[in-house]
Amino acid sequence: MNETTHDVTAVRQAKLAALRSEGQDPFSAHCEQSHSSQEAKHVFEQDPETLLTVSVAGRITAFRLMGKAAFINILDRDGTLQAYVSADGLGQEAYATFKKLDIGDILGLTGTLFKTQAGEITLKAQAYTLVAKSLRQLPEKWHGLSDSEHIYRQRYLDLIVNQDSRKRFQLRSRILQEIRRFLWDRSFTEVEGPVFQSIPGGAAARPFETHMHALNCNFYLRISLELYLKRMLVGGFDRVFEMGRVFRNEGLSRRHNPEFTMIELYQAYTDYRGMMRLVYDLLQHLCTQVLGSTQVHRPDGLAIELGGTWREISYKQAILEATADSQWFSRSPQEKLEACKKLGIQVDPKLQDHEITHNVFEKCIEPTLIQPTFVTHIPKELCPLAKLNPQDPSVLDVFELCINGQEIAPAYSEQNDPFIQKTMFAAQVGEDIQNMDQDFITALEYGMPPAGGMGIGIDRLCILLTGAANIRDVILFPSLRPVGGGGES
RNA sequence: GGGUUGGUAGCUCAACGGCAGAGCAGUGGCCUUUUAAGCCAUAGGUUGUGGGUUCGAAUCCCUCCCAACCCA
């Protein structure tokens, strides 16, 4: 190398050019992978005597060169494998070329397995193929990447060098897999509703708007999965679920990303009580199948126990306890606002009566619900899609499952009376009658079976189960402002 | 939207008004059981951006950009 040795990219491009001039393809398409790193270790442990030839492939993450031999670490989908590469094994000529490889290059390696003096299962290389020359320098091996912006913008680097991150996203995939398996085992059908909706229903949230040229009209991105899954109930799919992305054009925070993943499921001929059992069983399934434990730990070390019996409390009871006021629900809005001040929470005085109470729930109660808690029977004003409780028609036959100070899963006895549903919608949309999903009412008029329904925030569930501190730690590519501050102000 | 903190070599971090440094990575050597390999040598900087104060600015002040945390 010459005067440009300080520029790593230039050095590597020179190496690339040298390989090409020798007639080698630095991006060879051919590479055999008979075993992953962990599979290779496993077969060796099963039978250390037989000299089995294996082919592994992956990225060089460490290069320890010692004259006529070198140890390298190869990173692949399930971990790392050490390889021992020597002039003896490869031949003088191939070894001379091998020595010029870099950390970051992707290789295929073929050889036999052995155990080093230090006891590590290692591949003794007989041949290698360079399949991708890396032209850029990887982040440091020991500290990895720690700059959060860098981690989110170039997640691929985070995944290469930060093993915690790699494991967390593998765990997320396992969680999704086991949720599906759990529901498939209970005869649920997975379906897919529309992302573009002319009336974004099923929740109260500010939607994203977009224009569809083919139909020359505006659509919203869905904010919930609910109304189309209920149409599936009408259509006779009496156990359905959808797991997918929903979009809410609201704030970003430690707990919110504008696009996030939800699962919603609907089971006919049951109710919110059935959903309680289902979500409990689901969490037990995830604990045993994915975590191997019913206990999870937050970043601050606090333990959350997901086994055993979960606490259940009614919304009203929770409010009475939090406010220490047995007459709370007969107080005037002014009295409630005064009480909120004493509780130390800021509440917008323009809010309606039930919204003031709900502020108490969100700010004083929900954050304290660390261990799993079913909060049942929320006031009817908070949701238009659930059935009223027959004994107390001011509340709904619903629960919100709270864990880790967050709402993880709301579930309802679903409203299937088209007259009540229409009244509830009308109260919600007020004058904006065109914002009512009339086709949904029509569907209910054909008859929807009684059903229990539930939504689970997958990202929050992953935060809980992986012990993550931030929603961005469980979303591969979280929403960020484009580099250079693109877009309007 | 408000407040706080941060942005320095490829990465992780020092320097906090007076010559911009270290470790790893890189480059050139030595080294056939290492594993944050080791030893010797060596290159690498428009200190996020634009302005200001100053004899002198990475450092102090202001604008803007990006991010994190807290609050709304």
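First the proteins, then the strands, lettered A, B, ... as listed; each starts at 1.
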Let me know, please, whether A:S148 or A:R254 comes out on the 5' side of the other along RNA chain B by nearest nucleotide.
A:S148

Checking contacts here: which listed nucleotide ([options]) is nearest the side-chain heavy atoms of [X]?
X: A:K15; options: B:rA37, B:rC11, B:rU27; answer: B:rU27
X: A:K68; options: B:rU34, B:rC11, B:rU32; answer: B:rU32
X: A:E149; options: B:rA25, B:rC24, B:rA67; answer: B:rA67
X: A:M66; options: B:rG26, B:rA68, B:rU33; answer: B:rU33
X: A:R472; options: B:rC69, B:rA37, B:rU34; answer: B:rC69

Measuring to OP1 and OP2 of [N], would you say a side-chain N or O of [X] lies under 4.0 angstrom away?
X: A:R64; N: B:rG38; result: no
X: A:N73; N: B:rU34; result: no
X: A:H150; N: B:rC11; result: yes
X: A:S146; N: B:rC13; result: yes

Here's a test for you: under ring-ring contact (aromatic ring centres under 6.0 Å, His included), which of A:W310, A:Y315, A:F374, A:Y412 qualifies with A:F399?
A:F374

Without swapping roles, check the side chain of A:R59 against the backbone of A:G104 for a donor-acceptor pair under 3.5 Å.
yes

Residues A:Q154 and A:Y156: side-chain donor-acceptor under 3.5 angstrom
yes

